[in-house]
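Read the structure below first, then the notes.
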Amino acid sequence: MFKSKLNKMVYGGDYYPEQWDKSIWEEDMRMFKKAGIDFLRINIFAWALNQRDEITYHFEWLDEVLDYVHGHGMKVCLGTSTGAHPAWMAKKYPDILRVEFDGSKRKFGGRHNSCPNSPTYRKYAAAIAGKLAARYKDHPALELWNISNEFGGACYCDLCEKQFRVWLKERYGTLENVNKAWNTTFWSHSFYDWDEIVAPNKLSEQWGERSTCFQGISLDYSRFNSDSILECYKLEYEAIKQEMPHAVITTNLMGAYKPLDYFKWGKYMDIISWDNYPSIDTPRSYTAMMHDLMRGLKDGKPWLLMEQTPSQQNWQAYNSLKRPGVMRLWSYQAVARGSDSVLFFQMRRSVGACEKFHGAVIEHVGHENTRVFREVSELGHELQKLGETTLDSLYKAKVGIVFDWENWWAVEYSSGPNFALKYVDEVHKYYKALYDQNIQADLIGIDTDLSKYDVVIAPVLYMVKEGYAQRIEEFVQKGGTFVTTFLSGIVNESDLVTLGGYPGELRKVLGIWAEEIDALAPEHTNQIVMKQRYGSLSGTYSCNLLYDLIHSEGADVIAEYGDDFYKGRPVVTVNSFGKGKAWYIASSPDDAFLNGFLKQVCAEKQIAPLLETAEGIEVTQREKDGKSFLFIMNHTKDEQSVELGGIQAIDLLSGEAVHQKMQLAPYGVAIIQKQ
Amino acid sequence: MFKSKLNKMVYGGDYYPEQWDKSIWEEDMRMFKKAGIDFLRINIFAWALNQRDEITYHFEWLDEVLDYVHGHGMKVCLGTSTGAHPAWMAKKYPDILRVEFDGSKRKFGGRHNSCPNSPTYRKYAAAIAGKLAARYKDHPALELWNISNEFGGACYCDLCEKQFRVWLKERYGTLENVNKAWNTTFWSHSFYDWDEIVAPNKLSEQWGERSTCFQGISLDYSRFNSDSILECYKLEYEAIKQEMPHAVITTNLMGAYKPLDYFKWGKYMDIISWDNYPSIDTPRSYTAMMHDLMRGLKDGKPWLLMEQTPSQQNWQAYNSLKRPGVMRLWSYQAVARGSDSVLFFQMRRSVGACEKFHGAVIEHVGHENTRVFREVSELGHELQKLGETTLDSLYKAKVGIVFDWENWWAVEYSSGPNFALKYVDEVHKYYKALYDQNIQADLIGIDTDLSKYDVVIAPVLYMVKEGYAQRIEEFVQKGGTFVTTFLSGIVNESDLVTLGGYPGELRKVLGIWAEEIDALAPEHTNQIVMKQRYGSLSGTYSCNLLYDLIHSEGADVIAEYGDDFYKGRPVVTVNSFGKGKAWYIASSPDDAFLNGFLKQVCAEKQIAPLLETAEGIEVTQREKDGKSFLFIMNHTKDEQSVELGGIQAIDLLSGEAVHQKMQLAPYGVAIIQKQ
Amino acid sequence: MFKSKLNKMVYGGDYYPEQWDKSIWEEDMRMFKKAGIDFLRINIFAWALNQRDEITYHFEWLDEVLDYVHGHGMKVCLGTSTGAHPAWMAKKYPDILRVEFDGSKRKFGGRHNSCPNSPTYRKYAAAIAGKLAARYKDHPALELWNISNEFGGACYCDLCEKQFRVWLKERYGTLENVNKAWNTTFWSHSFYDWDEIVAPNKLSEQWGERSTCFQGISLDYSRFNSDSILECYKLEYEAIKQEMPHAVITTNLMGAYKPLDYFKWGKYMDIISWDNYPSIDTPRSYTAMMHDLMRGLKDGKPWLLMEQTPSQQNWQAYNSLKRPGVMRLWSYQAVARGSDSVLFFQMRRSVGACEKFHGAVIEHVGHENTRVFREVSELGHELQKLGETTLDSLYKAKVGIVFDWENWWAVEYSSGPNFALKYVDEVHKYYKALYDQNIQADLIGIDTDLSKYDVVIAPVLYMVKEGYAQRIEEFVQKGGTFVTTFLSGIVNESDLVTLGGYPGELRKVLGIWAEEIDALAPEHTNQIVMKQRYGSLSGTYSCNLLYDLIHSEGADVIAEYGDDFYKGRPVVTVNSFGKGKAWYIASSPDDAFLNGFLKQVCAEKQIAPLLETAEGIEVTQREKDGKSFLFIMNHTKDEQSVELGGIQAIDLLSGEAVHQKMQLAPYGVAIIQKQ
């Protein structure tokens, strides 16, 4: 996982000694050791410090830091420092500055501020990455590289516009193909010269982040922008590998971050890492889904929790404290879902600028007599005790939930049928139904091999990419269960409708035809009336948002609409196809329906809950070398009892044996290893 | 009405064969015939296809389309294709691109995107219109021309700014007059040179669409912008007439579309046409008012429903389907109010770009076995059966409701007294009271002859144009009943207050003086306390928004305020003036008041409801050659019974005789012709 | 106070004869005299009229106006007319035009539109002020100067940016100091050249008025902008004084107007004046606080109510009328809190442009038979009767409430902990508790001498400026009572955190340490549970917004939190320090707590309410030459009775003697002078 083989989960996080007087470093080290901290992420935002003009670099401070922390036994994740460019560079080379969605050219300021197609940015970012690698490749503290920091955003400058045309040429070959892909006979948009194409922003095709006149153009620009930024990542990646072929390289991702197609990024990362910043009211199932999505980017490999706050954020509207025990609980939630690290932003609260109110291991008071430090410290020692036990263990699931960034973009660029439709929310509805029952699922991309799953769920699979329908057919043919929903199978990769009846290429496997799609305000509901009992489902459930009016073409109708002019028409169908089944859910159901539905779907494939628990208890399992580790987490503020059903096992955290039943403290965690 | 005399209402709509492979055309024709479709609107957005550079035109495809559809017996409305300019033109001639309200210069993209004062746009738009006319003037399929498409928007570029100064010179002659009209001694705005005048947008006088420092400047710019766009229409109009003097020319309007003063436009249109896109919760009375407003633009002449969706829109937040029967019902609602066409956008759902989810006669599935096609088809055959019966018949009303675009602009540019005041809503309140009682009304402009009406209602007649007060006085003098409201008679055409006491020039005919105007949040209400019974009115009603504090100067006080420090002061007055009466409603009343009030006002002029019906039933009448056609429409989803009172008549749609009473199916329609 | 010694409060207001035909002036004078109006503010927006190009000035009209109004016995406040620049100047010298927060360059339009660092603006503004002074310095009507009008806003143009760097050089000396003050090692912001620094707006550091990446930069820009505009004021000020050393000069301020640090401005004003525009639902305590804040700018000296509307505004959403009696009541509220004038905007309603619906002494009707004119007239005669009685009397308070603009900016630029925190609202909560009990308070700046107060309250004293903590310590040491709240003592003047534990420099005097700060949505509440009775306080109160988790370090815990994981921890503490006490309120309490709390805090320092009255009665006191004037104001629409407790006094307004008890009419006012 790292350059060296470590014998425990790394523990620590962002450290900015350059913001502090050297006199304070010793105190830092003392407190880190006291807290069991052994891993520091450094040089994240020091570009201006490292490079003062085109040719002058100053790494002496960094030499000193690396040696110093190494001397204190710390391992290091080294940043390339390119997450924010220096002011001098912005002044001399304005090409580095982005143009906003509204067409305005930025000045120096903020971070994540470099145009991804700026020659200046690309040149100097790759250069400094290479120089850092040359200098530190043999440094004994160096375990991991972090390129830039939280890549993101978008640019609409002339350089990007020009490069967009090149990207299009590469993708489509001819202008004729472009015109066809975008259906440009619509609204007089035929392009006769590449240079007539402009970036789609507020000055051209779009009138909002989600509103565009030309879905195809906007969709391609989203792809282009994600690719452009990825290209920046790759340039630094290659510069490092050039000097240090065995370097382990990551960049910290941000969960369901819309502008970047992370499944594409995952391919170029040696290890996935991400920053987890739930707020006090983020559903715990949503956080879990983000962990699973990040794990999915590299097909289930263990990953790193690169950032979380030990106590509070600064950038939310209301930056509440993590309640006592919650930092530990949420740390283990990450580990339970595949993380092999617990890292914080940040080690010491900064004295000024916009993150000074962000929580830190060492608060502004500067000493260790704080609740936060005590909790960090307790967890640190617990992780030391845990050692390498769970390291490199895998999270295994028989259910795959499809998540596709390009589909997300396309669904939400769509003009109609329902502006209230949010792709991630629909995916989360299905995810949550499994989560609430302790059934493990993977979040998978379009390229993921389906054969290892028994159940594949693809909510709102609006865009069906080339070959994907066939792959689903094969999956079902061979016995798999496929579940999809309303508004699926509508378009191809260019957002061109698959003619001949919805759900297009999925029509055959689903055995239905969706004639019309009704859309009503979200507060309006219809009913799902079960025609027969299915698992625990019977009677009536609620649905809303979109309402496909479908005809069965062979599928069995399991439930009907209960209201409106399509009362009595199918709302839930299942089609037998080869050895498998394909489900269609024609509207957006309530939680009660989905819980019962997915429980039974899984049961039919012998996929059982890990444990049956009270609400608020989360259970996951990691496996290694024939051993399994059951993570049991109490997300409630009350003590909870969990039935284990008579096993011979030990709780790795308490060291106690467990059998029939165990008690979990408020926000408590157990890691059960069976004997 | 058209170039030829047709023997039935035209039926069909927007057809874009250029978006499709030619192989599909035959299938189109087959289905059109099956559905009774006989009229196609073509070449609407094909500018880029038609013209590839300054000198190269390609009309061959259009030749083929015209001949092809003609060969299948279709008639055609030919677009001039200038509703969206080609990308090459935007690239070579940036003067064609608009500058937004916020001052940003647009790039290529979207539609309705040409600067109306762009020399390039004017030159090439007129040129292509002329070329099309020269080429197709004798084409047997050609019945009607549609210039551009849904003209609209505004531009604030330098060319517009310069042209604005020329427009001002024409209107005012001297800068001194401009300074006076705008009251520029206020806030140091005196202009000493024409070039000091700038377009009023976010960079100068305005800080929102409705918020301006200088009402006079913004008002004149609204006039200028509407005139500028009209000038574009006229250039194309003249280019066509040059080649084809007997051409029948329209452009599709958009109801109460604020930026364009349609009463001015109507003068230059051979026939009015408009696009009707109600949402699922648009009040049916609002749709009716829009039909009546459009009919009013050419003094009651029959008009064309140019666009409506057969099923759903794509650009609303929630694009619900028209419930079964509703498409037919709403089509007849248009016919019932003067339309001689039923046309759809669009014939076939496009495969890509922003309107692909817009309903169409032929859905993406491509065949005729759809609910939508069946309903379209049924209506098509019904219209064939109806033939020429109702064609060219007139809608006659004795009540006129004044609607004035310039007044609308002025009321809503006003800084104070109440930002919640919306002109169209106030007009609609009065309209709805008549609509709910099946009393016919015309929406009339300031230039409309008043003598043909018995009752004239002018809600919020804030701006009284030169001579209009005298015309109202004459109307009342001769026996007419005039009704107006709070905030009337305040300003002249330059938004300069008529000094000497509100309601200014209307004070004499109304017999009142409004001393003060109180404004409170809309959720606050006061009471209208009737001093005596008036028709069915007695007791107490509610009012809100604005509260004129008036003194009678001869008018009778019919009702008083029931609350606040002006409790007991007049809120409803009526003045006898010559042989007529002039009413003043000093606040914005509830529906109950307005229903009773207008019923009695009409009754006193012997204007009776066409029929007394249950709620949800709409009744109108068209007349021709001594025959009258009573349209009875059921807007509810339940069967309804309508009392006819013992007539000898026939329902043209069912072919059945009707006498005392008839039943209307849910969303049902009848057209009763008396024997 | 004025150039001459006047023998009564001045009465009148804004007069714009230049907007009217001269024929109307005589009528104006007749009506002014009828209303007791003796003071006119003129030449406020006549720059374009006064100056037609760089060298041509036209003051003849102003000569005539001044002579004319003087001839009618009026005194004059002369504007310098620079509140809106002429159009010709904008056209020829675009440097005068501002650049907006979003980076867009303005064109001519509006008012308050000049860039404060524009050489053109500075040159011609100072020039015209000098010319006016040279011309009118000996004019007998001239009593007072008003520079510009309602200075405000901000500019982000290149000139401002350049000047910002100069301002920084002056403030910090070296770039190193700048880098340190802004903590620029954060996010790679180190500046190596002054020219790398850019103005912090939407194109650089900020993404909203309150949201910035660099608090230090934005804070300094706020200071710079306020200073830049003040510099414009001073240039005009000096130009006038050059010609007329004894001129009395003001500019009309706007209460708690965020962009300008009025405490700094007060130093350069000969007399404070301000414009009071409450809406119908502005809390009366808020208006009172604004009066007190304005009085505080010059340490309690009497000031001028420069503008108020006699009836309604035009720029609010709902411009309600002042109910009968309210104009008089609110006029006296100003006088009761130190004003020696009652002035209106405006004398006559303008005929056009954006303030034509703003109330005026003379309405559009033009005659005196209006409610508004009658009320103005009655007040005019009352003020004549009152004569010089209360003139120059002082408002004295033993409670000081700290209000600091820089603290305001810093609190609201802060990223975290709670975006819902609004500085002025928190100050107002404390102010209102005193106001509701008729306890007089001063609003004081950071420079104000604390020794004259017994109680000093500093809500959310987030920024503790150099030396201020020591001054508070001294104040408490000597026996004073100090009250502060959550989120105090956090940063220094550069928004750099005072390390070592919150509340930083205030920790010693308060005897506490705040370990953490919890932030929750405002609708969430916790409880203040009293540990012991304090004055009338016992039991439980509510609090919200922010929750400091404090440890006593010597302070007594008076109340504890009642809920959440910090239940039982201190929420209200008091520390004995020297002879005094220092209170800390760790959350934002409800009104009930604050009323009881501050009543007792005051009682302990022998500060008693002026009178105990029913809700809605406001009482203040002014003093002069050993006489005291008790202002008693009834803010309710009902008659109210007030207990006076057996005094020998006279009501100056009614002329009647009062003893035990008096009745106040709805919205009534009494001024009680003890015998």
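Order of the sequence lines fixes the chain letters, A, B, ..., with proteins taken first and strands second; residue numbering starts at 1 for each chain.
If you measure heavy-atom distances from B:Ile280 to chain A, the contacts under 4.5 Å come from the side chain alone. Heavy atoms of A:Asp564 lying under 4.5 Å from chain B belong exclusively to its side chain. In this structure, no portion of B:Lys92 lies under 4.5 Å from any heavy atom of chain A. Residue contact with chain A, scored on non-hydrogen atoms closer than 4.5 Å, involves the backbone of B:Asn369 exclusively. Heavy atoms closer than 4.5 Å to chain A are found in both the backbone and the side chain of B:Lys107. Heavy atoms of A:Thr212 lying under 4.5 Å from chain B belong exclusively to its backbone. At a 4.5 Å heavy-atom cutoff, the contact between B:Phe108 and chain A is made by backbone and side-chain atoms alike.
Between B:Tyr57 atom OH and B:Trp47 atom CH2 the span is 8.0 Å, to the nearest 0.5 Å. With rounding to the nearest 0.5 angstrom, the CH2 atom of B:Trp315 is 14.0 Å from the SG atom of A:Cys213. In this structure, NZ on A:Lys169 lies 13.0 Å from CZ on A:Phe164, to the nearest 0.5 angstrom. In this structure, OH in A:Tyr423 is found 5.5 Å from CG in A:Asp404, a value given to the nearest 0.5 Å.
Of the candidates A:Tyr547, A:Tyr561, A:Tyr566, A:Tyr566 is the only one forming a side chain to side chain donor-acceptor pair (under 3.5 Å) with A:Asp518.
Identified by a heavy-atom distance below 4.5 Å to chain A, the contributing residues of residues 345-361 of chain B are B:Arg349, B:Ser350, B:Val351, B:Gly352, B:Ala353, B:Cys354, B:Glu355, B:Lys356, B:Phe357, in residue-number order.
Between the side chains of A:Asn544 and A:His524, no donor N or O sits under 3.5 Å from an acceptor N or O. With 3.5 Å as the limit, one finds a donor-acceptor pair spanning the side chains of A:Ser218 and A:Gln206. Using a 3.5 Å distance cut-off with no hydrogens or angles, the side chains of A:Asp102 and A:Asn201 do not pair a donor with an acceptor. Checking A:Ser588 against A:Lys429 by side-chain atom types alone, a donor-acceptor pair falls below 3.5 Å.
Contact count against chain A (heavy-atom pairs under 4.5 Å) is highest for B:Arg111 among B:Gln312, B:Arg111, B:Glu363. Of the residues considered (B:Glu100, B:Arg371, B:Gln313, B:His364), B:His364 shows the highest number of contacts with chain A, using heavy-atom pairs under 4.5 Å. Chain A forms the most heavy-atom pairs under 4.5 Å with one residue out of B:Gly366, B:Ala46, B:Pro324, and that residue is B:Pro324. Among B:Gly83, B:Gly110, B:Ser104, the residue with the largest count of heavy-atom pairs under 4.5 Å with chain A is B:Gly110.
Judged by the 6.0 Å and 45° rule, B:Lys637 forms no cation-pi pair with B:Tyr667.
Partners of B:Gln19 according to the side chain to side chain donor-acceptor pair (under 3.5 Å) rule, which considers only residues two or more places apart in sequence or in another chain, do not exist here.
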